[in-house]
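What follows is a short report on a single structure.
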Amino acid sequence: MEARHLRYALALAEHAHFGRAARALGIAQPPLSKQIADLEREVGTRLFDRTRQGVFPTAAGAAFLARARRALDEIAGASVDAARAARGETGRLRLGFIASALLDPLPDVLGRFGRERPDVRLELHEMATTRSTAALIAGELDVTIGLGRPQGVGAETLVSVPIGHDHLVAVVSNTHPYAGQSSVDVGQLQRQPLILAPGEDEPAVATGLRNLLGKDSPALSGATVARDIHTIIGLAACGVGVGLGPSRMLAAPRRGTWFCEVTPRMSLPDLVLSFGSRDRSPALNAFLDVVRTNCSDVGAALDHRLGPRGPQEDAGDVAFQDVRAQGQGQGQGQGQGQGQGQGQARGSVASAGSSAP
């Protein structure tokens with residue numbers, strides 16, 4: 001039994017006449033009569049009564065036609081669903097991301113993706129880079145945004161492109177002795193209780209801090225651990241110590257805090273978008289298109305890996321390239337304070353698309 005048999009039977013029921021039904025279907029009458037007869041033999045019962053007044057469904061025919069209509073509707077719906085899925089309009093996308101990516105670029109990317117692909121089910125997981133990398137390699141995520149190029153067994157199977165850059169800044173309470181300073185140096189930081197992201201979550205950042213402050217620095221060993229930038233800022237506001245984090249956190253100022261540059265300047269690992277080299281699902285393609293649009297310096301890197309080389313190319317053969325935007329600039333950020341006179345602090349604002357632990 002084929003879909004055309006169902007269409008023929010429905011047309012015959014509608015027109016109640018073999019000739020009229022054949023003309024509506026665009027076929028000759030004899031083939032239609034034969035197809036209906038073949039259908040009745042396959043079903044094992046008569047579906048239509050042939051009378052002088054016309055051709056009408058039997059009780060068996062009426063039951064058959066009810067399901068035939070639903071079956072053809074399902075077939076048509078299956079075609080529509082398949083086409084939408086192929087265009088990335090439906091499906092599922094599992095994204096793992098570090099918390100600071102919610103400052104930039106995720107708000108614009110997720111907002112646009114949601115508007116353009118409202119029927120794609122987004123599963124969002126905030127997690128540290130080490131965890132999201134493991135989940136991506138294990139196939140539990142489709143795409144990640146973390147700090148630095150993924151490392152470890154299986155990382156060679158991933159496509160990774162930088163989507164932002166950042167450097168280290170300090171945040172203190174507006175009652176702290178450093179409040180009002182434009183910068184703090186390493187010697188000052190070594191004499192203060194620090195608030196840091198956990199080293200096991202972001203090992204690349206931890207390595208940079210050890211290089212900056214000293215491998216055996218008491219300030220590092222006695223630091224308060226905070227898992228996201230909002231907690232770092234909040235604890236600093238409470239006077240717990242000097243919070244160290246990405247300049248990206250200047251985009252989330254909190255009343256009663258002051259931001260300072262750290263000298264010498266310490267660049268943080270790039271904010272990196274990663275996905276499986278062989279995962280070319282339409283939903284992922286649609287997400288990457290939005291990233292291309294919102295992160296202008298990323299498009300060339302993605303096109304280099306996915307366009308000319310083709311979707312099935314093993315990204316392990318492609319060298320990881322730093323596609324930092326030319327002439328990366330810096331702006332001026334404002335931190336809020338409550339001291340005497342004006343309560344504004346000057347800080348270096350992260351450039352567009354900067355990264356954070």
Side-chain angles (χ1 to χ4, degrees), residues 1-8 10 66-98 101-102 105-127 131-146 150 154-161 163 271-296 298-318:
M1 188 183 304
E2 300 176 14
R4 61 188 172 89
H5 293 115
L6 307 184
R7 292 195 297 270
Y8 291 170
L10 288 169
R67 285 191 176 270
R69 289 187 184 91
R70 293 198 292 272
L72 289 177
D73 287 344
E74 285 296 317
I75 291 172
S79 298
V80 171
D81 289 349
R84 295 191 67 209
R87 294 191 298 266
E89 295 176 3
T90 61
R92 178 182 68 166
L93 186 73
R94 301 167 298 175
L95 169 64
F97 61 93
I98 56 173
L102 287 173
L106 273 184
D108 290 339
V109 169
L110 292 181
R112 183 168 189 154
F113 187 78
R115 291 190 300 271
E116 294 181 357
R117 311 285 172 163
D119 294 327
V120 174
R121 186 170 79 256
L122 269 175
E123 296 181 6
L124 304 175
H125 306 273
E126 186 270 312
M127 57 178 64
R131 292 179 53 218
S132 66
T133 296
L136 181 60
I137 293 172
E140 298 167 0
L141 294 174
D142 302 306
V143 60
T144 63
I145 297 177
E156 71 280 359
T157 67
L158 305 178
V159 174
S160 298
V161 293
I163 61 173
L271 191 68
V272 173
L273 179 144
S274 301
F275 54 92
S277 61
R278 299 187 183 279
D279 183 359
R280 306 303 297 126
S281 72
L284 175 60
N285 282 339
F287 183 79
L288 296 179
D289 285 342
V290 172
V291 173
R292 281 186 177 94
T293 301
N294 284 78
C295 306
S296 58
V298 177
L302 286 173
D303 291 342
H304 174 72
R305 289 156 176 76
L306 307 178
R309 292 177 63 84
Q312 298 302 321
E313 191 71 29
D314 187 346
D317 296 334
V318 181

- Is a side-chain N or O of Ser277 found less than 3.5 angstrom from the main chain of Thr157, in a donor-acceptor match? yes

- Task: May I ask you to decide whether Asp289 forms a salt bridge with Arg292, counting only side-chain N to carboxylate O separations under 4.0 Å?
- Result: yes

- Query: So, do Thr293 and Val290 sit near enough that their side-chain heavy atoms are less than 4.5 Å apart?
  - Reply: no

- For His125, does its backbone N or O pair with a side-chain atom of Arg94 as donor and acceptor, under 3.5 Å? no

- For residues Leu288 and Leu273, determine if any side-chain heavy atom of one lies less than 4.5 Å from a side-chain heavy atom of the other. yes

- Message: Walk me through whether Leu6 and Arg67 qualify under side chain to side chain contact (heavy atoms under 4.5 Å, CB included).
- Response: CA-CA 9 Å; Leu6 307 184; Arg67 285 191 176 270; over 6 Å; no

- Note on the structure: Between the CD1 atom in Ile98 and the CE atom in Met127, the distance rounded to the nearest 0.5 Å is 12.5 Å

- Task: Begin with the C-alpha distance, continue with both residues' side-chain angles, and end with the deciding distance and a verdict on side chain to side chain contact (heavy atoms under 4.5 Å, CB included) for Ser274 and Leu136.
- Result: CA-CA 8 Å; Ser274 301; Leu136 181 60; 3.8 Å; yes

- Can you tell me if CD on Glu123 sees more than 12 non-hydrogen neighbours from other groups inside 6.0 Å? yes

- Measure the CG-CZ distance between Leu110 and Arg115 for me, rounded to the nearest 0.5 Å. 10.5 Å

- Query: Hey, does Phe287 have a side-chain heavy atom less than 4.5 Å from the side chain of Leu95?
  - Reply: yes

- Item | Whether Glu156 side chain and Gly154 backbone form a donor-acceptor pair below 3.5 Å | yes

- How far apart are the C-alpha atoms of Thr90 and Asp81, what are their side-chain angles, what is the distance that settles it, and do they pass the side chain to side chain contact (heavy atoms under 4.5 Å, CB included) test? CA-CA 8 Å; Thr90 61; Asp81 289 349; over 6 Å; no

